[in-house]
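Throughout, numbering of the chain's residues begins at 1 and tracks the sequence. For clarity, every value in this text was computed on a predicted model and none was experimentally measured.
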Amino acid sequence: MIPCRGDRDKADRFHTHLSATHACLSQATPEFFVDPTPSPWRSIRSHLASKLPPTSPIEAFPSPPPEKKLPWAPFHVLYVHDLVHCSCSTCRRRRRTAHIRARMASSRVPLDVKSPVPSDIEVAQAVEPRKIEEVARQAGIQEDECEAYGPTKAKVKLSVLDRLAEEKDGKYVVVAGITPTPLGEGKSTTTVGLCQALGAHCGRKVMTCVRQPSQGPTFGIKGGAAGGGYSQVIPMEEFNLHMTGDIHAITAANNLLAAAIDARMFHESTQSDAALFDRLCPKDKQAKRRFAPVMFRRLRKLGIDKTDPDELTEDERSKFVRLDFDAAKITWRRVMDTNDRFLRSITVGQGPQEKGMERQTGFDITVASEIMAVLALATSERDMRERLGSMVVGSSKKGEAITADDLGIGGALTVLMKDAIKPTLMQTLEATPVLVHAGPFANIAHGNSSIIADRIASKLVGEEGYVVTEAGFGADIGLEKFVNIKCRYSGMKPDATVLVATVRALKMHGGGPSVVAGRPLDHAYTNENVELVAEGCANLSKHIQNCIKFGIVPVVAINKFATDTDAEIQVAREQAMKAGAFDAVVAEHHALGGAGALDLANAVMKACASKEYTFKFTYPLELPIKDKIEAIAKEVYGAAGVEYLPDAEAALALFDKQGFSGLPICMAKTQYSFTHDSNIKGAPAGFILPIRDVRASAGAGFLYPLVGTIMTMPGLPTRPAYYEIDLDFETGKVVGLS
């Protein structure tokens, strides 16, 4: 090893220059980088040396050069030259880091920022997306690991995990928020803005991991979920609509399973055991029967180890062919990715051939399907197959759980989902890479993007890079489930969390008037009121304390709006720091893009390096179900206790019998309050949390207690968002999407 040409004093002085040089590297323009492979630093040195005068010896640079933009100082030629020839471990590590940052800087897309900020779709369409092959290359994804879906989207194959298995993981950051208003507080926008700041402005290797939005809210009242202003995933219209068809695949798989349930009930009601057996295991031309491969799963469940159908006894044949559904305990419903209130409750089986088979059921929105949760929590294709087959769709008349594999359909569901398991690669407005994958509801499911996407991203960015993902709704819901469900299954541990707060939401929690989507804000939200903000900071403080309980370093991002005053922001910052936040910074990424989130990016990088807390779950899985529910209610929400209604008590007894007591808990609760009542704001304490029922998503891997009434099929408002959406036939562009 030759430490900076063998001179230790020179090496020490040399290394003091590196951080300043990295900052300059991040400001480079593409023309300074020539042929980045196979010898990146020789190419850069040669190109720079041809443009700048010869440098002096290193002694001529006793202190770091002043911060400046291009043209580069002669120091940088020396920096590149010495790093090429120095083989000490420090320089090798720095060389790799600087190469990454230089590559990130060369891919930066400058934003033409306007004030006031145009509509989201106008901002998004004003930027020409990079070819997805280029985005993949910059992210470190090889050509054979991508499947392009047009010029701006690509599926990423899971084989990338095999190639990068030995790579160290990057820093893991989760974006959550305080208890939101119905308008949302900008978590998605903050997630994107932070990544643009880290990648395009700080030169760090970064990957954004977000959920795919449902078309229900896109055409309903909320709009899309690509971020907003100058911090968006693009093309936003493709992101918010069909994307690569994952949600449609889930719809098809879910409804195939629903059809299989009703068909099996119909056939069992009209056929004898012998007739069912003859049809499930028909004789071939040689008069031999065989089991389909999936049937062995049911046989093992029944404790039957025979491989020849003809060897089954009459009793074994009866157990094998007859699932004996209890129609009143079927939990599987049909889904569609459209808000339709009239499908919440329907009657099926009214055709003349199905006479006597009528039953009440209904539709949920697709993102509420357990298959969506399975996709988000699966760690591999094989794991997804096991989870799909383990999904419980109902109970038999004896109280036994009936699964998808009992119906023989687990393999077919996997085939329908074989492309959906691959994350979709897209990009931000400033050309930083984004992995979009899964979109489970944040109430009856865990509200986080996929484990697979996070794992791929973590390996791609490496130990000096950053993975930024988002947890749905407030931190009491999305972050709690991120910790106790997602991280438990993934084995990944977050280095920091960003808590997004707005002055608007703090005023609401301080006693401000109701905030209603679609209605103008009360003047209390558009005029200075420091007292309301100060009172509302109790909600922010509670979320900060929860982050610390989870063992995650909290950074507060105050998402600034035009009507916020300096005094209001100052009191929010002071209260956040008093509650234990690592830092509290103002973010203006909506108006400025990544440049508006630089303070946030710097705070996050420092928080990730702090290692201030030890990550921990809220409860061990070995606890009884009730104890796990009460741990969340008391520790996270601030409740004094839990009340179980009769349906909940019956469900808990059933799940204990069926062997599901060891699963984690996914509380299905309103996102607008720590309590079960959305009208109770702030940080209430000492309340009793009512559990009206408990249901199982055994395939996904959790139980979900129902706290109050949870809507799984939204309805359309009087004036849905689709009124503004159309196609411009002159340009071929979508207009009016938000």
If you measure only the distance, is there a donor-acceptor pair under 3.5 Å linking the side chains of [X] and [Y]?
| X | Y | result |
| --- | --- | --- |
| His543 | Thr179 | yes |
| Thr502 | Asn559 | no |
| Gln575 | Ser541 | no |
| Asp566 | Gln570 | no |
| Thr218 | Gln215 | no |
| Ser231 | Thr189 | no |
| Thr563 | Thr526 | no |
| Asp454 | Tyr172 | yes |

Rounded to the nearest 0.5 Å, what separates atom [atom1] in [X] from atom [atom2] in [Y]?
| X | Y | atom1 | atom2 | value |
| --- | --- | --- | --- | --- |
| Leu435 | Thr424 | CG | OG1 | 8.5 Å |
| Asp246 | Met243 | CG | CE | 5.0 Å |
| Ile247 | Ser214 | CD1 | OG | 5.5 Å |
| Ile444 | Met711 | CD1 | CE | 12.0 Å |
| Ile451 | His437 | CD1 | NE2 | 11.5 Å |
| Asp599 | Glu588 | CG | CD | 9.5 Å |

ask   = Does the pair Lys669 and Asp476 meet the rule for a salt bridge (charged side-chain N to carboxylate O under 4.0 Å, His left out), with working shown?
value = CA-CA 10 Å; Lys669 181 183 76 70; Asp476 58 315; 3.0 Å; yes
Between [Y] and [X], is there a side-chain heavy-atom distance shorter than 4.5 Å?
| X | Y | answer |
| --- | --- | --- |
| Ile691 | Glu643 | no |
| Val556 | Ile558 | yes |
| Asp495 | Val173 | no |
| Val467 | Met492 | no |
| Asn448 | Arg211 | no |
| Met236 | Ile121 | yes |
| Gln125 | Glu237 | yes |
| His446 | Leu377 | yes |

Polar side-chain atom of [X] near backbone of [Y] as donor-acceptor pair, under 3.5 Å:
| X | Y | answer |
| --- | --- | --- |
| Lys549 | Thr618 | no |
| Asp120 | Gly228 | no |
| Glu238 | Pro235 | no |
| Asn254 | Ile250 | no |
| His509 | Gly682 | yes |
| Gln196 | Leu429 | yes |
| Lys153 | Leu425 | no |
| Asn240 | Pro213 | no |
| Glu430 | Gly594 | yes |
| Lys481 | Met667 | yes |

To check you understand the geometry: which heavy-atom pair defines the closest contact between [X] and [Y], and what is its length?
| X | Y | value |
| --- | --- | --- |
| Leu479 | Ala176 | CB-CB, 4.0 Å |
| Pro118 | Tyr230 | CD-OH, 3.5 Å |
| Leu716 | Phe219 | CD2-O, 4.1 Å |
| Val206 | Cys195 | CG1-O, 3.5 Å |
| Val571 | Glu568 | CG1-O, 3.1 Å |
| Val515 | Met508 | CG2-SD, 4.3 Å |

message = If you apply the rule side chain to side chain contact (heavy atoms under 4.5 Å, CB included), what do you find for Val175 with Val468, and how did you get there?
response = CA-CA 7 Å; Val175 178; Val468 182; 3.7 Å; yes
Lys507 with Glu535: basic N within carboxylate O range, under 4.0 Å = no
ask   = Charged N to carboxylate O under 4.0 angstrom, Asp564 versus Arg504?
value = no
task = Verify side chain to side chain contact (heavy atoms under 4.5 Å, CB included) between Phe550 and Phe617, making sure each step is shown before the conclusion.
result = CA-CA 6 Å; Phe550 297 141; Phe617 301 123; over 6 Å; no
query = Centre of Phe342's six-membered ring, under 6.0 Å away, within 45 degrees of the axis: is that where NZ or CZ of Arg344 sits?
reply = no
request  = Tell me whether the guanidinium CZ or amine NZ of Lys681 lies under 6.0 angstrom from the six-membered ring centre of Phe674 and within 45° of its axis.
outcome  = no
Side-chain donor/acceptor pairs under 3.5 Å, residues 727-738, sequence neighbours excluded:
residue: Asp728; atom: OD1; partner: Glu730; partner atom: N; Å: 2.9
residue: Asp728; atom: OD1; partner: Thr731; partner atom: N; Å: 3.3
residue: Thr731; atom: OG1; partner: Lys733; partner atom: N; Å: 3.2

query = What do the steps show when you test Ser673 against Ser678 for side chain to side chain donor-acceptor pair (under 3.5 Å), and what is the final call?
reply = CA-CA 5 Å; Ser673 174; Ser678 61; over 6 Å; no
ask   = Which is it for Arg333 and Asp364 under the salt bridge (charged side-chain N to carboxylate O under 4.0 Å, His left out) test, yes or no, and what are the steps along the way?
value = CA-CA 7 Å; Arg333 290 157 60 93; Asp364 297 328; 3.0 Å; yes
message = Go through it in stages, so that I can follow the logic: the residues are Ser188 and Glu470, the test is side chain to side chain donor-acceptor pair (under 3.5 Å), and I'd like the CA-CA distance, side-chain angles, deciding distance and then a yes or no.
response = CA-CA 7 Å; Ser188 298; Glu470 178 191 347; 2.9 Å; yes
